[in-house]
Amino acid sequence: MKDTKSHNLPFFGIGKIAPFLKPFTRNLLLMIGCGLVGSFVDIILPLFRRYALDHFIGGGTLDTIVGFIILYVMVILMAGAANYVACALATITEMSVDRDLRNAAFRHLQTLSFSYFNQNSVGYIHARVMSDTSRIGALVSWTLMDSIWHISYLIGSAVVMIYLNPRLAALVLLILPALVILFSIFQKKLIHVNREIREINSKITGNFNEGITGAKTVKVLNIEEEMTQRFAEETANMRTKSIRASRLRGLFSATMNFASSIALAIVLWKGGYIATEEVGTFAVFMSYAQGMMEPVRWIIDAISDLITAQVNIERYSNVLSVKSDVTDTPEVIEKYGDSLNPKPENWEPIRGDIEFKDVTFRYPDGDENVLEHFSLSIPFGTHLAIVGETGAGKSTLVNLVCRFYEPTSGQIFIDGKDVRERSQLWLHSSIGYVLQTPHLFSGTIRENLLMGNPDATEEQLWEAIRAVSADEIIDHLENGLDTDVGEGGDLLSTGEKQLISFARAILADPKILILDEATASVDTITEAKIQAAMDSVTAGRVSLMIAHRLSTVRNADHILVVKNGKIVEQGTHKALIAQHGYYYELYTRQYEDETTAKILS
């Protein structure tokens, strides 16, 4: 579900982010006012010099010099105060808009379904939430403030020049249409190349993220050189595209600077005729002609920045425009709330009876049905096991029960009600999920456990810990529950993380417990602890256990056997063994492998 691109956004796409600017209207108006004041001062300063030349030098009188100096100093102080206020407001606005854009993006990402994250890399998303928002924040603050000064200076200078000498002013201002034509020629090319650069930047961020988070795997596989080469290829591609963009911008800048420099040449050429009679006026034109150079150069750079920012805005806006594949109806949201604004007072208690009724399912990016007209009843208290070889598609049923995906057709019922008649958070609040690869958040063990139940008491924490036999681990840690787990729990072993994530799931007292190959990546001692805890923690709730090791599912009430994404057999362990089918083949093969391993060890 890659976000789509929108092209030719009006006003460089700023309208797309207008809602984020509305709270800062007062700041923006003050910035505009201060920019106009600063520009006004810079426009009238040459007139001060004109007055000084004509009256103090040409006129030979100093009668008004005291008032002149006082007024001149007051104008300079006014400009300084205006610039200070404008800079302060620009900083506040930039930081605030950055914050709001990132909060909105992160908030929206929390509402998207799994398919979005399956189809978009971490680097791709990270670039939009972090890099693009930074550029947008700078655009609506510093670029806006500078644009007010430079544009108003150009307009004010033009007005004064026309007032002083319309013919000479017309010659100088003829250069402006040429600048507009040049801009229209270069705009499309610059937008295209900048969009390519941003996409490559996303790939570089993704490769960097993989290299850091997968550092252990990289070293174990001895692929440092390959990872370095891949990263170098992307950065080389970025270099090539960036050089191309710089050449375009350089050509654009050089061409427009050449055109703007003609303005000064015109003043020098034609202005000589008035220099002998109106020295002050000639000086004013020289000041404006030279002063216009900086605004024109700035506008050149600003146009380039705006073109780049248009790409940033469209990329960011496209993230916010992505719709989740799994959504609640307006009626459900009105009664139960949504994932970010829940109304738990309206949530009915969940017992845990689950029923699949004529369910057909195909993944959003898939070509074949994974389930076809599948029906199954899982009463409260049932211990259901889903088994099969790695990659067989065992997680499909669990994903549907959790409403991570919606059925293509058919219905799933919880306690006799279609899950689509209740909110997603209502369902998720009663599900405990233990992943094959456990994930802990940065912080302490206590903080991670309390994510399962923020209101849990110390006694309840330890009950959950003891229930999964994690108390020995906690007791051996110097800081106990207040031990820092590191980023992603990396300061703990996989087994320790698994037991803590298991305890976190139990602490929420879920009516539906899902164990997604919870023992597949742990040592035999930790596996034995989890197996010992299984009977006690699954009692009084529905449990769905995805398993690769078939020795862990013999006591399950019902077993579903998955092969190539299809459910090929189902029944109890005893019944499936008696069938001498696919399950029997898997079980005997694993039993022989485990027996051989024990003998060899």
Side-chain angles (χ1 to χ4, degrees), residues 10-49 71-101 134-163 169 172-173 176 179-180 183 253 256-257 260 263 284 287-310 312-313:
F11 302 107
F12 299 97
I14 295 176
K16 290 273 188 176
I17 58 170
F20 295 99
L21 307 183
K22 189 174 181 180
F24 308 103
T25 302
R26 178 175 173 273
N27 283 11
L28 295 173
L29 290 176
L30 285 173
M31 285 167 53
I32 291 172
C34 290
L36 291 174
V37 170
S39 174
F40 172 75
V41 170
D42 288 327
I43 291 170
I44 65 173
L45 285 179
L47 298 179
F48 274 86
R49 289 190 284 275
L71 184 60
Y72 187 83
V73 171
M74 289 177 61
V75 168
I76 295 297
L77 291 175
M78 181 175 64
N83 289 336
Y84 173 80
V85 173
C87 289
L89 290 173
T91 300
I92 294 171
T93 303
E94 179 187 15
M95 296 298 104
S96 300
V97 171
D98 276 0
R99 175 201 62 197
D100 292 351
L101 289 170
S134 294
R135 289 178 176 269
I136 295 170
L139 168 70
V140 300
S141 53
W142 297 103
T143 303
L144 172 64
M145 184 182 72
D146 290 341
S147 66
I148 294 300
W149 185 93
H150 288 101
I151 293 174
S152 60
Y153 180 84
L154 283 177
I155 295 174
S157 300
V159 170
V160 175
M161 285 192 294
I162 292 172
Y163 174 77
V172 174
L173 297 176
L176 295 180
L179 301 182
V180 174
F183 164 66
S253 178
M256 294 189 74
N257 279 338
S260 63
V284 168
S287 295
Y288 287 151
Q290 290 177 317
M292 289 175 61
M293 305 290 259
E294 177 58 29
V296 169
R297 288 191 182 97
W298 180 89
I299 289 174
I300 293 169
D301 293 334
I303 290 171
S304 179
D305 290 340
L306 286 169
I307 292 170
T308 302
Q310 177 173 336
N312 299 129
I313 291 172

Could you pull out the closest heavy-atom pair between [X] and [Y], with the gap in Å?
| X | Y | value |
| --- | --- | --- |
| I43 | G156 | CD1-CA, 3.4 Å |
| G35 | S152 | O-OG, 4.4 Å |
| P23 | P19 | CD-O, 3.5 Å |
| C34 | V85 | SG-CG1, 3.7 Å |
| D98 | G137 | OD1-CA, 3.3 Å |

[atom2] on [Y] to [atom1] on [X], rounded to 0.5 Å:
| X | Y | atom1 | atom2 | value |
| --- | --- | --- | --- | --- |
| S39 | I151 | OG | CD1 | 10.0 Å |
| L101 | I313 | CG | CD1 | 9.0 Å |
| N312 | L139 | CG | CG | 9.0 Å |
| F40 | L45 | CZ | CG | 9.5 Å |
| T143 | I136 | OG1 | CD1 | 11.5 Å |
| L21 | S96 | CG | OG | 11.5 Å |

Legend entry - Trace of the side-chain contact (heavy atoms from CB on, under 4.5 Å) decision for I44 with V160: CA-CA 9 Å; I44 65 173; V160 175; over 6 Å; no
Legend entry - Any donor-acceptor N/O pair, T93 side chain to A90 backbone, under 3.5 Å: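 No; judged by distance alone, with no hydrogens or angles, the pair does not exist.
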Legend entry - Residue pair C87, M145: steps toward the side-chain contact (heavy atoms from CB on, under 4.5 Å) verdict: CA-CA 8 Å; C87 289; M145 184 182 72; 4.3 Å; yes
Inset, instruction - Could you go through the side-chain contact (heavy atoms from CB on, under 4.5 Å) check for I148 and M31 one step at a time? - result: CA-CA 9 Å; I148 294 300; M31 285 167 53; over 6 Å; no
Legend entry - Test side-chain contact (heavy atoms from CB on, under 4.5 Å) applied to V140 and F20, step by step: CA-CA 10 Å; V140 300; F20 295 99; over 6 Å; no
